[in-house]
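Below: the structure, in structure tokens.
Basis for what follows: all heavy atoms, side chains included, without hydrogens, waters or symmetry-related copies. Just so it is clear: chains get the letters A, B, ... in the order the sequence lines come, proteins before strands, and each one is counted from 1.
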Amino acid sequence: GENVEQHPSTLSVQEGDSAVIKCTYSDSASNYFPWYKQELGKGPQLIIDIRSNVGEKKDQRIAVTLNKTAKHFSLHITETQPEDSAVYFCAASNNNDMRFGAGTRLTVKP
Amino acid sequence: DSGVTQTPKHLITATGQRVTLRCSPRSGDLSVYWYQQSLDQGLQFLIQYYNGEERAKGNILERFSAQQFPDLHSELNLSSLELGDSALYFCASSVAVGEGETQYFGPGTRLLVL
């Protein structure tokens, strides 16, 4: 089955800097890659996703890139703000069999 | 607000007991998923239902069971509870099954077993 690895497990940046979180997956048949943000005491919220026929997708300060050959995808957050502080999860899905990375705790220091 | 609701928000019980967690999917969603999240851990997939039928099973213990009812709400039953079952339990829903269906998560039920 699918195995998703996520790095780093913790990330601390200064407000205004960029943050990058990377994930690798093992199943070459995976075709859907969502990213979730989980704030303390809440459920994960979808922030951006990318499908296997696209290499990059951007939504304001958030972007995701996908390298199918290398089987890795990354989340990029630019101009970070304190409210970006949360745990971020990547996931890889093959026809609804979705596996999650272990999560990255992002702290944005004002 | 994802549109997925879960009750109760918090649950405190004792070892050996049985509890039922409830989930209502987003309007129109046919598929429901259950996940367990232990302290500082990732999301462990437990089980998936689609339109009333079990579709996929993950790392779900034999002491745990679930079902999806005709109105599409789902219940997760946890029995013979142990201290290690203390965790956040999330329900997610998606429109259907197939390629790249986005899952929307509920707010979770925090279970504490004493």
Inset, instruction - Look at atom CG of B:Leu114 and say whether more than 12 heavy atoms of other residues, nucleotides or ligands are closer to it than 6.0 Å. - result: yes
Legend entry - More than 12 heavy atoms of other groups within 6.0 Å of A:Glu83 CD: yes
Inset, instruction - Using the side chain to side chain donor-acceptor pair (under 3.5 Å) rule, collect all pairs that involve residues 78-89 of chain B, keeping only residues at least two apart or in two chains. - result: B:Gln36-B:Tyr89, B:Arg63-B:Asp85
Inset, instruction - Please tell me if the side chains of B:Phe90 and A:Gln38 come closer than 4.5 Å, counting only heavy atoms from C-beta onward. - result: yes
Inset, instruction - Sorted by first residue and then second, give each disulfide bond (SG atoms under 2.5 Å apart) pair with at least one member in residues 3-65 of chain A; sequence neighbours left out. - result: A:Cys23-A:Cys90
Inset, instruction - Indicate, with yes or no, if A:Ile47 and A:Val13 share a hydrophobic cluster defined by side-chain heavy-atom contacts under 4.5 Å among Ile, Leu, Val, Met, Phe, Trp and Tyr. - result: yes
Legend entry - Least distance between heavy atoms, A:Gln45 atom then B:Asp1 atom: NE2-N, 4.4 Å
Legend entry - Region of A:Tyr36 in contact with chain B, defined by heavy-atom distances below 4.5 Å: side chain
Legend entry - Per-residue contact mode, A:Pro34 against chain B (heavy atom under 4.5 angstrom): neither
Inset, instruction - Look up atom CD in B:Gln37 and atom CZ in A:Phe100, then write down how far apart they are to the nearest 0.5 Å. - result: 10.0 Å
Legend entry - Nearest-0.5 Å distance, CG of residue A:Asp49 to OG1 of residue B:Thr102: 5.0 Å
